[in-house]
Amino acid sequence: MAQKDPYYIVKDEVAETLRGVQEKFSRWQNLPRGGADKRALATELEEDCSSLEYMVAEIDKSIDAAERNPQRFNLSQAEVSDRRRWVMSTRRQLSSISSGLSAGASGGGGGGGPNGPAGRLAAAVHDENERFIQSEGDRQQLLMRRQDEDLDQLGSHVVRIGELGKEMGQELHLQGQLLDELDTEIEGTSTRLQAAQKKIDYVLQKAGAKGQLAIIGFLIVTLIILIFLLLG
């Protein structure tokens with residue numbers, strides 16, 4: 001990813017240039033005040049800082065674009081946050097150098113003071129930092145609102161699931177009552193069938209063999225009569 005993403009190419013270039021600027025700034029601090037070399041080096045440092053600030057601003061714009069459409073750039077929120085932290089760190093270093101140039105420049109040299117290039121750069125960095133802090137606060141508030149909405153939806157789903165659970169419990173209770181009533185009816189029917197079977201056995205025993213034949217004959221005659229009635 002580091003070889004394909006232009007962000008890492010520009011980041012490495014900015015980091016290398018920044019190291020060179022820091023080395024120049026160290027030399028500038030050790031030069032005697034009011035000298036031509038100090039003023040010339042201060043001007044060079046201000047130009048370098050301005051160039052770096054422009055590059056960092058362009059990176060910041062690309063991060064904004066990636067954050068608005070993370071699927072297109074294939075970036076996670078963690079990666080976006082890491083890039084923003086790098087931008088903030090780089091701007092703080094540039095602001096420190098610019099502040100040092102403004103504070104350490106002699107009266108007429110090097111463009112020091114709040115109206116000079118270094119002062120304007122420091123003010124621009126400060127404004128960018130304030131904008132970033134504000135945007136981060138707005139983004140955090142948006143995330144919190146979305147989380148609250150998700151929690152509200154989740155709560156509604158939980159309540160609905162609870163209501164469905166109660167309805168299912170009531171339905172199961174009703175089904176259990178119906179099964180109990182069915183079991184009771186089946187037991188009553190079975191009892192009546194057993195009683196009827198006992199009566200039939202008792203009648204057959206009393207009637208004997210001849211009585212059983214008479215009963216069978218009577219039933220056959222009755223069946224024939226019913227058939228004729230149905231057919232007629």
Side-chain angles (χ1 to χ4, degrees), residues 1-68 70 73-143:
M1 179 178 180
Q3 296 179 352
K4 297 181 180 180
D5 195 335
Y7 161 79
Y8 291 100
I9 298 175
V10 179
K11 177 185 176 183
D12 292 341
E13 183 178 351
V14 170
E16 183 177 356
T17 304
L18 181 59
R19 284 193 293 271
V21 170
Q22 288 171 336
E23 292 175 359
K24 289 181 182 179
F25 182 67
S26 297
R27 294 202 309 271
W28 176 84
Q29 288 177 313
N30 294 325
L31 290 175
R33 299 185 62 178
D37 291 341
K38 191 178 185 73
R39 290 194 299 271
L41 190 55
T43 301
E44 186 177 344
L45 282 169
E46 289 167 358
E47 293 175 353
D48 291 340
C49 288
S50 297
S51 176
L52 285 173
E53 175 57 30
Y54 174 77
M55 296 174 68
V56 173
E58 291 300 312
I59 292 177
D60 195 21
K61 292 178 183 178
S62 69
I63 295 173
D64 290 337
E67 188 173 28
R68 287 192 297 268
F73 294 94
N74 194 25
L75 289 178
S76 64
Q77 185 61 42
E79 177 66 18
V80 172
S81 298
D82 182 67
R83 295 186 180 192
R84 286 198 180 279
R85 284 192 294 270
W86 177 84
V87 168
M88 283 290 295
S89 174
T90 303
R91 279 177 168 160
R92 281 195 296 268
Q93 295 178 68
L94 289 174
S95 179
S96 176
I97 294 173
S98 299
S99 298
L101 290 173
S102 298
S106 58
N115 296 323
R120 291 194 298 270
L121 177 60
V125 171
H126 175 75
D127 292 340
E128 286 293 330
N129 290 341
E130 290 294 328
R131 184 184 66 82
F132 171 75
I133 293 172
Q134 180 65 33
S135 65
E136 280 292 312
D138 294 340
R139 182 166 51 255
Q140 291 297 328
Q141 290 180 0
L142 178 60
L143 290 175

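Computed from a predicted structure; not experimentally measured. Every heavy atom of this structure was used, including side-chain atoms; hydrogens, water molecules and symmetry mates were not.
The main-chain N or O of Ser98 is found under 3.5 Å from a side-chain atom of Ser102 such that the two form a donor-acceptor pair. Although no hydrogens or angles enter the test, the distance criterion places no donor-acceptor pair under 3.5 Å between the side chain of Ser96 and the main chain of Arg92. With hydrogens and angles disregarded, a donor-acceptor distance shorter than 3.5 Å links the side chain of Ser81 to the backbone of Gln77.
In this structure, the side chains of Tyr7 and Trp86 come closer than 4.5 Å at one or more pairs of heavy atoms.
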Would you please test Arg83 and Leu75 for side chain to side chain contact (heavy atoms under 4.5 Å, CB included) and show each step? CA-CA 11 Å; Arg83 295 186 180 192; Leu75 289 178; 3.6 Å; yes
Applying side chain to side chain contact (heavy atoms under 4.5 Å, CB included), run through Thr90 and Glu53 and close with a yes or a no. CA-CA 9 Å; Thr90 303; Glu53 175 57 30; over 6 Å; no
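Atom-to-atom distance recorded for Ile59:CD1 and Arg84:CZ is 12.0 Å, nearest 0.5 angstrom. Separating the CG atom in Asp64 from the OG atom in Ser62 is a distance of 8.0 Å, to the nearest 0.5 Å. Summarising the geometry, atom CH2 belonging to Trp28 is positioned 11.0 Å from atom CD1 belonging to Ile97; distances are rounded to the nearest 0.5 Å. Expressed to the nearest 0.5 Å, how far CZ of Arg39 lies from OG1 of Thr43 amounts to 9.0 Å.
In this structure, Lys61 pairs ionically with Glu58, as a charged nitrogen and a carboxylate oxygen lie closer than 4.0 Å.
No option in Met55, Met88, Arg91 other than Arg91 meets the side chain to side chain contact (heavy atoms under 4.5 Å, CB included) test with Asp60.
Qualifying side-chain hydrogen bond (donor to acceptor under 3.5 Å, both in side chains) partners for Glu44, counting only residues two or more places apart in sequence or in other chains: Lys24.
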